[in-house]
Protein chains: 2
Amino acid sequence: MDNDNPPSESSPCLVLDAVSPAVLGASVMDRLRQLATQHASVPAGTTLYRQGEPFQAIYAVRVGAVKTVVNDAAGDGQVLSFRLPGEFFGLTAIHAGHYVNTAIALERTAVCSLSFPALSRVADEHPALRRQLMRLMSGVILNEQDAHAALAGHAAPARLAFILLALRRRMPEPEASAETLRLPMSRADLGQSVGLTPETTSRVFGQFRRHGLIHASGRRVRFLDTVRLQAMAASISPAAPSRQVPQNVAGTTSANDGGRCSQAADGGG
Amino acid sequence: MDNDNPPSESSPCLVLDAVSPAVLGASVMDRLRQLATQHASVPAGTTLYRQGEPFQAIYAVRVGAVKTVVNDAAGDGQVLSFRLPGEFFGLTAIHAGHYVNTAIALERTAVCSLSFPALSRVADEHPALRRQLMRLMSGVILNEQDAHAALAGHAAPARLAFILLALRRRMPEPEASAETLRLPMSRADLGQSVGLTPETTSRVFGQFRRHGLIHASGRRVRFLDTVRLQAMAASISPAAPSRQVPQNVAGTTSANDGGRCSQAADGGG
DNA sequence: CGGAGGCTTGACATATATCAACGGTAGTGG
DNA sequence: CCACTACCGTTGATATATGTCAAGCCTCCG
């Protein structure tokens, strides 16, 4: 593993700092550093692991972004999720014993891997690390659950609002702030992750623009009216309590241009 | 109240047997039995825990069935997932510290609860239990991922086929067999879990009937052409070693790798 | 026997996918 | 540095699937 250009790596695996600031002791951190393998940064499109390969390590994003996809029966890939700096992926392989999806870098990306057997041994000795791992996995389930709710219960605008807000929340600075977000993925990938075609995705972007919710040019997004966006995405229980914003459904949208902009049809019945 | 006929409760918490047949030693099993609280069976509609309540225990279904729902901003509930006998729920609360969805019994149901602090203590002493728990959680993520793929990438018939096959696979006998399945939930709930209205759900059922895929009367389903159903649901790609998975759409994935067996799952806790 | 809710079906509205074309942008190579 | 080429994003016209509204029947339960 050659070293390309370490951005700001105080720790061997930036991720570990995020996961366990002071929760884990110094000794645990040392052990983790030892078993963490830093991989050289790879260009966009690189496959990190492939569906079906034997499981041996879990991964974390250091810089860049990764998408996980499953190979549809047809051969098309269905985008499942995105992993941003500080987030783990490959966890589903724990159960299956092999990777059940394929991880692909969306841009120039550096990841680190943690040998799972080795990690388990360290965890055997450190209760705090165990707890951390369980919390981690629980959090992944939580995210998936939110996505499920967004997908199952809502129309295109709500879905897009959801994924945009989720990405902004999860993306670290400086790629994201309260007002802006730089998307690491194409419109096609973004939309497909929430079950939309590229065309629909683009059209909804246009809607958002016209309604003054965002200003988007290319992969640069500026949030102009977060409150209304959140109202559209509503239903999603944010994993972050601090982020929780009252359901102030400012939904008094101008019901005009064929647009149902505020709360869309709820699957309801 | 507890006049429920014990199906085969050799263990206080049937679930534990399923989770850990021989993997865990007898001593661990004893510890688990001690900390498991068996709850009396409750009628349909009973709320097991509510979104927002403080987290203290994870649950498992002994008999009956449970749905997890999130309260939409509007107040409507969005059905997230179903829990069948032997499956756990409430796991998402580990991360959040409080329950992030509400669990409701779909029919007369008996559950048991495991105090999470107590469980953690036992796990601290038994590596095998720890592994089992991680596998469990990984399996939950896996199930959610499958659901995500089904929801995001496919039309109504595929979604319904997916959920029907998933339920048949996960439902223990005698409620399910290779050919039959007794659904514990209404059409409305079934459909909503995969983002469909009751009307659409009903129509697709009709389609399936007309095409000779199933015979459904009320909540009783008989599978007449599992192969074609699997073909429709395809999206759930069984992990194949090579990337060239796509066989034919006829779902000849057959018995071996056709489905992921994740034993106990929770999507939403 | 009566009422309530669940299921089904029909007619209609509309959101979204599909097909198609075009313009912009960025990366590539001259 | 410029031109070229892909790809990405956008937009339009059209088809289709699914949600919505509405009504009726059946089943289960009281």
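First the proteins, then the strands, lettered A, B, ... as listed; each starts at 1.
Residue B/His154 contributes atom NE2, which lies 15 Å from atom C1' of C/dA17 at whole-angstrom precision. Here the P atom of nucleotide C/dG6 and the CZ atom of B/Phe205 are 16 Å apart, to the nearest Å. Atom CG in A/Leu151 sits about 15 Å away from atom P in D/dT18, given to the nearest Å. As rounded to whole Å, 13 Å separates atom C1' of D/dA17 from atom CE of B/Met232. Following rounding to the nearest Å, B/Gln78 (CD) and D/dG19 (C1') show an atom-to-atom distance of 14 Å. Here D/dC8 presents its C1' atom at 13 Å from CG of A/Leu190, a figure rounded to the nearest Å. Rounded to whole Å, atom C1' of C/dG5 lies 18 Å from atom CE of B/Met185. In this structure, the CG atom of B/Leu183 is 15 Å from the P atom of C/dG6, given to the nearest Å.
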side-chain contact (heavy atoms from CB on, under 4.5 Å) between B/Asp189 and B/Val69, worked out: CA-CA 10 Å; B/Asp189 280 346; B/Val69 307; over 6 Å; no
Full working for side-chain contact (heavy atoms from CB on, under 4.5 Å) between A/Val42 and A/Val111: CA-CA 9 Å; A/Val42 298; A/Val111 303; over 6 Å; no
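Closest contact between the side chain of A/Ala155 and the listed nucleotides D/dG9, C/dT16, C/dC7 involves C/dT16. For B/Ser186, taking side-chain heavy atoms from C-beta onward, the closest of the listed nucleotides C/dC7, D/dT10, D/dT18 is C/dC7.
In this structure, CG on B/Leu48 lies 9.5 Å from OG on B/Ser113, to the nearest 0.5 angstrom. From B/Lys67, atom NZ reaches atom OG of B/Ser193 across 10.5 Å, with rounding to the nearest 0.5 Å. Between the CG atom of A/Asp146 and the CG atom of A/Leu151 there is a distance of 11.0 Å, given to the nearest 0.5 Å.
Inspection of the B/Ser202 and B/Arg187 side chains reveals no N or O donor paired with an N or O acceptor under 3.5 Å. Residues A/Arg182 and A/Thr180 bring no donor and acceptor atom of their side chains to less than 3.5 Å of each other.
We find that A/Glu107 and A/Arg219 are not joined by a salt bridge, their nearest charged nitrogen and carboxylate oxygen being 4.0 Å or further apart.
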Taking only N/O atoms, report every protein-nucleotides 5-7 of chain D pair under 3.5 Å with atom names and distance.
none

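Of the candidates B/Arg220, B/Arg222, B/Glu175, B/Met171, B/Leu181 forms a side chain to side chain contact (heavy atoms under 4.5 Å, CB included) with just one, namely B/Met171.
Checked against salt bridge (charged side-chain N to carboxylate O under 4.0 Å, His left out), A/Arg170 has the following partners two or more places apart in sequence or in another chain: A/Glu87. Partners of B/Ala158 under the side chain to side chain contact (heavy atoms under 4.5 Å, CB included) rule, at least two apart in sequence or in another chain, are B/His154.
For the contact set between residues 208-225 of chain B and DNA chain C, defined by any heavy atom under 4.0 Å, the members are B/Arg209, B/Arg219. Proximity of residues 193-204 of chain A to DNA chain C (heavy atom under 4.0 angstrom from any strand atom) is restricted to A/Gly195, A/Leu196, A/Thr197, A/Glu199, A/Thr200, A/Arg203.
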Annotated protein contacts, base or backbone, on nucleotides 25-30 of chain D with a non-hydrogen cut-off under 4.0 Å, one of B, S, - each: ------
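The two residues A/Phe205 and A/Leu160 have their closest heavy-atom pair at CD1-CD2, 3.7 Å. Closest non-hydrogen pair, B/Gln145 versus A/Val100, comes out as NE2-CG2, 3.6 Å.
A centroid separation of 6.0 Å or more is found between the aromatic rings of B/Phe88 and B/Tyr59.
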